[in-house]
Amino acid sequence: MPSSLSRARYAEYRQKIREKRQSEKSESRVPKQQRSFGRLLLEFVRLMRDQRPAVAFALGTLTISTLLKLTPPAASKFCIDYVLADEPYPSWLAARIPPNIDRATLLVLVGLVVVAVLLVETMIHLWGRWAATKAANRIQAATQKRVFEHAVRLPLHRVYQLKSGGAASILRDDAGGVGELVFSLLYNPWRAIIQLLGSLVVLTIVDWRLLMGSLFLFPMVYLTQRTWVRRIRPLYRDIRQRRQEIDSHATEAFGGMRIVRAFGRERSETGRFVRGNHLMTRQRLYAWWWTRAIEVLWAILLPVASTCLLIYGGILILRGELTLGDLIMFLFYLGMLLGPIAILATSAAQFQNNLAGFERVLDLLEETREGDAAAKTRVGATAPPAGEITFHDVSFKYPSGDEPVLEAINLTASAGGVIALVGASGAGKTTLCHLVARFYQPTSGRIELDGVDLAELDLESYRRLIGVVEQDVFLFDGTVADNIGYAGRDATREEIERAARVAHAHEFIQELERGYDTIIGERGVRLSGGQRQRLAIARAILADPKILILDEATSNLDSQSERLIRESLGPLLAGRTCFMIAHRLSTIRHADRIVLLDQGRIVDQGSHEQLLQRSELYRRMVQLQTTDAQEQIDPPVKTG
């Protein structure tokens with residue numbers, strides 16, 4: 001079943017490729033989404049930054065070692081023509097060779113010189129290769145750092161699109177392969193160019209007719225690039241995109257393993273994973289055929305060309321127009337001329353694979369980060385902020401949505417005041433808090449802090465004023481102390497424990513096997529829901545925020561823990577602006593103001609008593625909650 005499904009999806013994929021190529025032929029010769037080679041080279045040189053001197057040194061040593069490597073083949077002509085065949089020396093060479101030296105001694109001397117040159121060439125080459133390798137690894141690490149720093153600052157909706165597994169795939173595969181471009185984009189082509197130019201010079205001296213016969217292969221390189229290679233890079237982009245999707249699915253499946261097992265979906269999740277891998281395998285095999293076509297072409301062309309040139313050179317020897325040493329030297333240099341070209345042509349697939357990854361990295365780095373367009377006015381640069389938040393006719397819809405989630409919101413949260421947000425699910429309560437935290441920007445209108453538009457404030461300095469406790473608590477795979485101390489990188493153990501006591505988490509932490517040094521597992525899987533909630537509250541307390549957002553922060557706590565935390569939060573909320581989302585009357589009734597939302601609009605606001613008197617919607621919510629609470633105390637008795 002997975003095989004047939006992947007076969008159908010693969011057929012659709014092939015059809016899309018054909019349609020895309022037809023549209024490219026009718027509109028333009030270069031795909032619009034594919035950068036030119038020149039642009040990619042320029043972008044890579046910019047990306048190297050601090051490693052440019054090291055790469056330049058590697059290319060310099062490579063130039064020297066490649067030129068030294070061109071000298072030993074010339075010794076073959078000397079040995080064959082002037083030592084073994086006893087041909088007369090040229091006039092320029094006869095004056096430099098002692099007249100009484102025997103041929104055996106001369107042969108040994110030539111061999112020693114060749115060995116010495118090769119040793120020097122090897123040492124210089126290794127020295128430069130080591131510099132290039134270090135530069136490649138440093139570029140890889142710097143690129144991964146830059147991609148990570150950029151990705152964590154992307155707009156929140158874009159981060160959700162990437163998913164955790166997809167982001168890991170880009171960091172590991174795409175950014176991780178950028179360092180290899182030092183060799184495939186610069187080092188190896190440079191060696192081929194130097195070897196090519198040097199060989200051309202020597203071949204011109206030997207016999208220009210043989211040289212012309214070998215140059216016919218150069219158009220084949222261009223045709224190979226034009227016909228095959230430019231088609232390979234989009235294929236590898238698609239393969240990398242498919243791998244990102246597979247990694248995202250695997251990460252999601254293992255992250256929700258309890259749900260997967262609770263509903264018995266292990267087999268369906270496995271099938272989903274297998275179908276994705278089957279499709280990616282078919283894509284890889286399709287790219288493999290295009291790659292092998294290039295290799296087969298060169299595997300045929302090179303032997304045929306060498307054989308034809310060997311036959312032609314042999315005819316010249318029989319005519320007395322060329323010596324055997326000339327032919328042997330020519331074939332040596334011909335191999336040195338064609339070898340790099342063949343290597344570059346046959347390794348083009350891997351090269352295009354790396355370029356595809358680099359292009360995906362550039363795509364990500366070109367995306368606008370959150371706060372990029374904002375001015376860099378730092379919060380508190382002139383005076384400590386009071387914490388008043390004001391909404392002026394704010395509307396908002398998600399980038400992927402069509403309908404507004406919030407409309408015409410006008411609201412003022414006084415400095416140090418507590419605003420309780422109530423309403424049915426989907427009314428826009430959490431979205432409003434996300435706008436306060438600047439996770440998203442308003443579609444229209446503006447939000448102000450102490451009369452200053454949030455869009456004009458430096459994002460990082462503003463976020464330092466914010467403390468957030470959400471209903472869906474996220475904890476890292478580390479110790480209890482690490483998770484609480486995440487809010488303050490310089491927090492001491494005493495400060496961490498003080499925050500835990502305020503959140504009434506200290507008691508259960510002490511009962512853990514290693515106390516504050518206990519590893520709690522990914523997302524805190526070793527703790528109960530209530531324990532995770534209290535750690536999140538302790539983390540927010542340690543941050544000492546000016547603006548506190550509590551999104552159903554006590555939803556997973558029992559009544560006793562909720563009462564204790566509510567008592568502890570009393571002193572904490574003093575002097576802090578708080579936005580509180582809650583459904584329990586015990587949590588919201590003492591707020592300074594209760595804001596009632598319905599379908600993205602504020603329909604009423606006031607105290608608990610005021611809303612009870614004038615809002616039918618609020619009364620229904622209170623009555624429903626009171627009825628639910630009574631049913632929990634006195635559950636209905638089954639009859640029959």
Side-chain angles (χ1 to χ4, degrees), residues 141 144-145 148-149 151-153 156 159 163-165 167-168 171-172 247 250-261 437 439 460 463-546 548-558 560-562 564-569 571-572 576:
Q144 289 176 316
K145 175 177 178 288
F148 187 89
E149 288 177 341
V152 297
R153 288 173 171 81
L156 202 59
V159 175
K163 301 180 181 179
S164 56
L171 285 167
R172 181 186 63 247
D247 289 347
T251 302
E252 184 180 52
F254 280 95
M257 188 53 66
R258 284 185 294 186
I259 300 299
V260 172
R261 292 183 176 179
F439 293 152
E460 286 194 19
R463 289 261 175 85
R464 294 193 186 102
L465 304 177
I466 305 293
V468 180
V469 180
E470 295 185 319
Q471 181 178 9
D472 184 17
V473 175
F474 186 91
L475 297 176
F476 295 92
D477 185 10
T479 66
V480 171
D482 290 339
N483 276 276
I484 298 176
Y486 194 78
R489 65 184 68 182
D490 299 323
T492 63
R493 177 57 71 91
E494 290 74 19
E495 292 171 332
I496 291 173
E497 292 185 7
R498 188 182 307 117
R501 284 190 171 91
V502 173
H504 291 276
H506 181 74
E507 292 75 11
F508 85 79
I509 293 174
Q510 291 290 75
E511 296 175 359
L512 298 176
E513 55 186 11
R514 298 186 62 187
Y516 284 86
D517 296 321
T518 302
I519 301 293
I520 61 176
E522 187 176 6
R523 298 183 67 93
V525 294
R526 298 183 60 188
L527 303 177
S528 68
Q531 290 172 336
R532 291 197 297 270
Q533 201 82 36
R534 278 180 275 179
L535 286 190
I537 294 173
R539 183 168 59 192
I541 292 171
L542 183 65
D544 193 21
K546 196 68 180 177
L548 187 63
I549 297 174
L550 303 176
D551 188 351
E552 296 283 2
T554 59
S555 61
N556 291 329
L557 302 178
D558 55 71
Q560 175 67 11
S561 297
E562 182 192 5
L564 293 173
I565 289 180
R566 193 167 61 249
E567 292 174 356
S568 301
L569 289 179
L572 175 68
R576 292 173 173 81

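Worth saying up front: this structure is predicted, and the values here are computed from it rather than measured. Values reported hereafter were calculated over all heavy atoms of this structure, with side chains retained and with hydrogens, waters and symmetry mates removed.
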Smallest separation among heavy atoms of [X] and [Y], with atom names:
X	Y	result
P545	A540	CD-O, 3.3 Å
N483	F476	OD1-N, 2.7 Å
R534	A505	CB-CB, 4.0 Å
L542	A491	CD2-CB, 3.8 Å
R539	A487	O-CB, 3.0 Å
T479	Y516	CB-O, 3.6 Å

What distance separates [X] [atom1] from [Y] [atom2], expressed to the nearest 0.5 Å?
X	Y	atom1	atom2	result
E470	Q533	CD	CD	10.0 Å
I520	R514	CD1	CZ	13.5 Å
E513	R526	CD	CZ	4.5 Å
T492	E497	OG1	CD	9.0 Å
L512	I519	CG	CD1	11.5 Å
L548	I537	CG	CD1	9.5 Å

Worksheet item: When you look at CZ of F439, are more than 12 heavy atoms from neighbouring residues, nucleotides or ligands closer to it than 6.0 Å?
Response: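 Yes, CZ of F439 has more than 12 neighbouring heavy atoms, counting only those of other groups under 6.0 Å.
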
Worksheet item: Between the main-chain N or O of F474 and the side-chain N or O of R532, is there a donor-acceptor pair closer than 3.5 Å?
Response: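 Side chain of R532 to backbone of F474, a donor-acceptor pair under 3.5 Å: no, none is there.
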
Worksheet entry | Side-chain donor or acceptor of R501 paired with backbone N/O of H506 under 3.5 Å |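 Answer holds: no.
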
Heavy atoms, side chains only, cut-off 4.5 Å: are [X] and [Y] in contact?
X	Y	value
V468	D551	no
R153	E460	yes
L535	I509	yes

Practice prompt. Among V480, I484, D482, find the residue that satisfies the side-chain contact (heavy atoms from CB on, under 4.5 Å) test when tested with I496.
Written response: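 Only one of V480, I484, D482 forms a side-chain contact (heavy atoms from CB on, under 4.5 Å) with I496, namely I484.
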
